Number of protein chains: 2
Amino acid sequence: MTAVTAAQRSVPAPFLSKTYQLVDDHSTDDVVSWNEEGTAFVVWKTAEFAKDLLPQYFKHNNFSSFIRQLNTYVSFTLTKTHLLSI
Amino acid sequence: MTAVTAAQRSVPAPFLSKTYQLVDDHSTDDVVSWNEEGTAFVVWKTAEFAKDLLPQYFKHNNFSSFIRQLNTYVSFTLTKTHLLSI
DNA sequence: GGGAATATTCCC
DNA sequence: GGGAATATTCCC
């Protein structure tokens, strides 16, 4: 038996599944939600997102730490468009 | 200017200074304290230590994670003697 | 106990 | 943005 890493399994990394759950929760759509097309997600209220939602899923409340992980996993570009509606 | 890492500075790693503070706090001596000789520290109540004290200094409440770090930094052997008095 | 994966922080 | 240090988890 050889060890199997998360990357080798077809299971998404914890960061990705947590982020999905976080975004997909409709009760917090005023803070973060999918865009109209469902192709991306939008953080509408960064302060609330960081302070209230991040600690529910992660061991921190820093927006920048979340972005660091996002960059690691999905080379996601958080453009101004995504944040303009805050 | 070249970057200077914590190891290169003479500043102790965050883990070590936090652990020192945690142990040295006399208000929690019933849970964790230095031994008589001051040569080691003793965790008297592992459950309280993990549940109440660890989260005040670290982003978790797992005794095993604390021990993992301890092993990394000080090759500390948590012998039975240290835990027998629980 | 400790190697390795993953997460968080720090800093360029 | 991302490399690297440090922290936390997972698993042998």
Side-chain angles (χ1 to χ4, degrees), chain A residues 1-25 32 40-43 46-84 86, chain B residues 1-25 32 40-43 46-84 86:
Chain A
M1 289 288 282
T2 54
V4 176
T5 66
Q8 291 171 319
R9 282 181 279 129
S10 46
V11 170
F15 172 77
L16 293 176
S17 47
K18 286 178 182 181
T19 298
Y20 183 90
Q21 282 185 263
L22 194 169
V23 172
D24 206 48
D25 179 352
V32 58
F41 66 88
V42 186
V43 177
T46 47
E48 283 80 354
F49 179 78
K51 182 169 61 70
D52 302 332
L53 300 191
L54 287 182
Q56 294 183 31
Y57 293 84
F58 305 105
K59 291 175 175 288
H60 67 80
N61 58 4
N62 304 310
F63 195 72
S64 58
S65 291
F66 177 74
I67 298 299
R68 181 70 194 83
Q69 277 285 76
L70 213 45
N71 280 321
T72 296
Y73 280 104
V74 288
S75 306
F76 181 84
T77 300
L78 189 67
T79 66
K80 250 197 163 174
T81 309
H82 290 106
L83 290 168
L84 267 182
I86 295 165
Chain B
M1 289 289 282
T2 53
V4 176
T5 67
Q8 291 171 320
R9 283 180 280 129
S10 47
V11 170
F15 172 77
L16 294 176
S17 47
K18 287 178 182 181
T19 298
Y20 183 90
Q21 283 184 262
L22 196 169
V23 173
D24 206 48
D25 180 352
V32 58
F41 66 89
V42 186
V43 178
T46 47
E48 283 79 353
F49 180 78
K51 182 169 62 69
D52 302 332
L53 300 191
L54 287 181
Q56 293 183 31
Y57 293 85
F58 306 105
K59 291 175 177 286
H60 66 80
N61 59 3
N62 305 311
F63 194 72
S64 59
S65 292
F66 177 74
I67 298 299
R68 181 70 194 83
Q69 278 284 77
L70 211 45
N71 280 321
T72 295
Y73 279 105
V74 286
S75 306
F76 182 84
T77 300
L78 188 68
T79 65
K80 253 199 161 169
T81 309
H82 289 106
L83 290 168
L84 267 183
I86 294 165

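In what follows, chains are A, B, ... by sequence order, proteins preceding strands, each numbered from 1. Here the structure is a predicted model, which is why all the values come from computation and not from measurement.
Exactly one of B/Val42, B/Val23, B/Asp25, B/Asp24 qualifies for a side-chain contact (heavy atoms from CB on, under 4.5 Å) with B/Val32. That residue is B/Val23.
The shortest side-chain heavy-atom distance between B/Tyr73 and B/Thr19 does not fall under the 4.5 Å cut-off.
As a whole-Å value, the separation of B/Asn71 CG from D/dA7 P is 14 Å. Rounded to whole Å, atom P of C/dA7 lies 17 Å from atom CG of A/Asn61. We find that CG of B/Leu16 is positioned 17 Å from P of D/dA5, with the value rounded to whole Å. Straight-line distance from the CG atom of A/Leu70 to the P atom of C/dA7: 12 Å, rounded to whole Å. When the P atom of C/dT8 is taken as reference, atom CZ of A/Phe63 falls 15 Å away, rounded to whole Å. When rounded to the nearest whole Å, the span between NZ of A/Lys18 and C1' of C/dT8 equals 12 Å. The CD-C1' distance, from B/Gln69 to C/dT9, rounds to 13 Å in whole Å.
Residue B/Arg68 has its side chain nearest to C/dA4 when only C/dA4, C/dT9, D/dG1 are considered.
Ring orientation note: the planes of B/His60 and B/Phe58 are close to parallel, at an angle under 30° on the 30°/60° scale.
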Any chance you could lay out the side-chain hydrogen bond (donor to acceptor under 3.5 Å, both in side chains) test for B/Ser64 and B/Arg68, step after step, and finish with the verdict?
CA-CA 6 Å; B/Ser64 59; B/Arg68 181 70 194 83; over 6 Å; no
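Between A/Asn62 and C/dT9 there is a side-chain polar atom (N or O) within less than 4.0 angstrom of OP1 or OP2. OP1 or OP2 of D/dT6 has not a single side-chain nitrogen or oxygen of B/Tyr73 nearer than 4.0 Å.
The distance from the CZ atom of B/Phe41 to the CG atom of B/Leu22 is 8.0 Å, given to the nearest 0.5 Å. To the nearest 0.5 angstrom, B/Asp52 atom CG is 9.5 Å from B/Asn61 atom CG. Rounding to the nearest 0.5 Å gives a distance of 8.5 Å between CG of A/Leu16 and CD of A/Gln69.
Aromatic pair A/Phe15/A/Phe66: ring centres closer than 6.0 Å.
Near DNA chain D, meaning a heavy atom under 4.0 Å from it, residues 52-60 of chain B has B/Phe58, B/Lys59, B/His60 in order of number.
For B/Tyr20, the ring pair (Phe, Tyr, Trp, His ring centres under 6.0 Å) partners at least two apart in sequence or on another chain are B/Trp34.
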Symbol by symbol from the 5' end, with Watson-Crick or G-U pairs under 3.5 Å, [ ] crossing and | another strand, DNA chain C is ||||||||||||
